[in-house]
Amino acid sequence: MPDLILYQRDYCHLCDLALAVLAEARAPDFDSVWVDDSAALEQLYGTRVPVLRDGRDGRELDWPFDAAAVRAFLAK
């Protein structure tokens, strides 16, 4: 199970851009979680998606981010 989680929404243009950035940054495998499926996640992430979360330490990287920001996030 990957340590990274990308919180996103269905039909989210910014989420599609985030996926492209993660590919460009060569991010390791991650889980995608759709906030639309949970009232609790909607409350936490509804206006912030896409959000990349490190499940090991709880750090989060809010959009907007680029490949350099993702690499820096992963290096910490």
Side-chain angles (χ1 to χ4, degrees):
M1 182 159 150
D3 292 323
L4 294 175
I5 301 166
L6 180 65
Y7 291 99
Q8 56 185 315
R9 290 184 172 283
D10 287 327
Y11 311 108
C12 169
H13 174 69
L14 296 178
C15 300
D16 294 340
L17 294 175
L19 291 169
V21 168
L22 291 170
E24 179 185 346
R26 297 181 189 228
D29 288 341
F30 57 90
D31 285 330
S32 290
V33 174
W34 282 263
V35 301
D36 305 307
D37 297 337
S38 164
L41 292 177
E42 174 72 34
Q43 188 93 23
L44 287 171
Y45 297 106
T47 60
R48 296 172 48 205
V49 293
V51 176
L52 183 63
R53 185 176 203 287
D54 187 327
R56 295 169 296 181
D57 60 16
R59 291 178 306 119
E60 295 180 339
L61 182 62
D62 285 16
W63 186 260
F65 49 77
D66 60 12
V70 170
R71 286 190 290 271
F73 178 79
L74 296 173
K76 289 184 182 180

Give me the atom names and distance for the closest heavy-atom approach of [X] to [Y].
X	Y	result
V21	A67	CG1-N, 3.5 Å
R9	C15	N-SG, 3.5 Å
L52	L22	CD2-CD2, 3.8 Å
Y7	R53	CE1-CD, 3.6 Å
D62	F65	O-CD2, 3.5 Å
L41	V33	CD1-CG1, 3.5 Å

Does D10 offer a backbone N or O that forms a donor-acceptor pair with the side chain of D36 under 3.5 Å?
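A pair under 3.5 Å: yes.
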To the nearest 0.5 angstrom, please state how far the [atom1] atom of [X] sits from the [atom2] atom of [Y].
X	Y	atom1	atom2	result
T47	E42	OG1	CD	8.5 Å
D54	K76	CG	NZ	11.5 Å
L17	W63	CG	CH2	5.0 Å

Same cluster for [X] and [Y] if Ile/Leu/Val/Met/Phe/Trp/Tyr side chains link at under 4.5 Å?
X	Y	result
V51	L61	no
L14	V70	yes
W34	V49	no

Side-chain contact, heavy-atom cut-off 4.5 Å: L6 with D31?
no
Can you find a heavy atom in the side chain of L4 that is under 4.5 Å from one in the side chain of F73?
yes
E24 and R71 ion-paired at < 4.0 Å
no
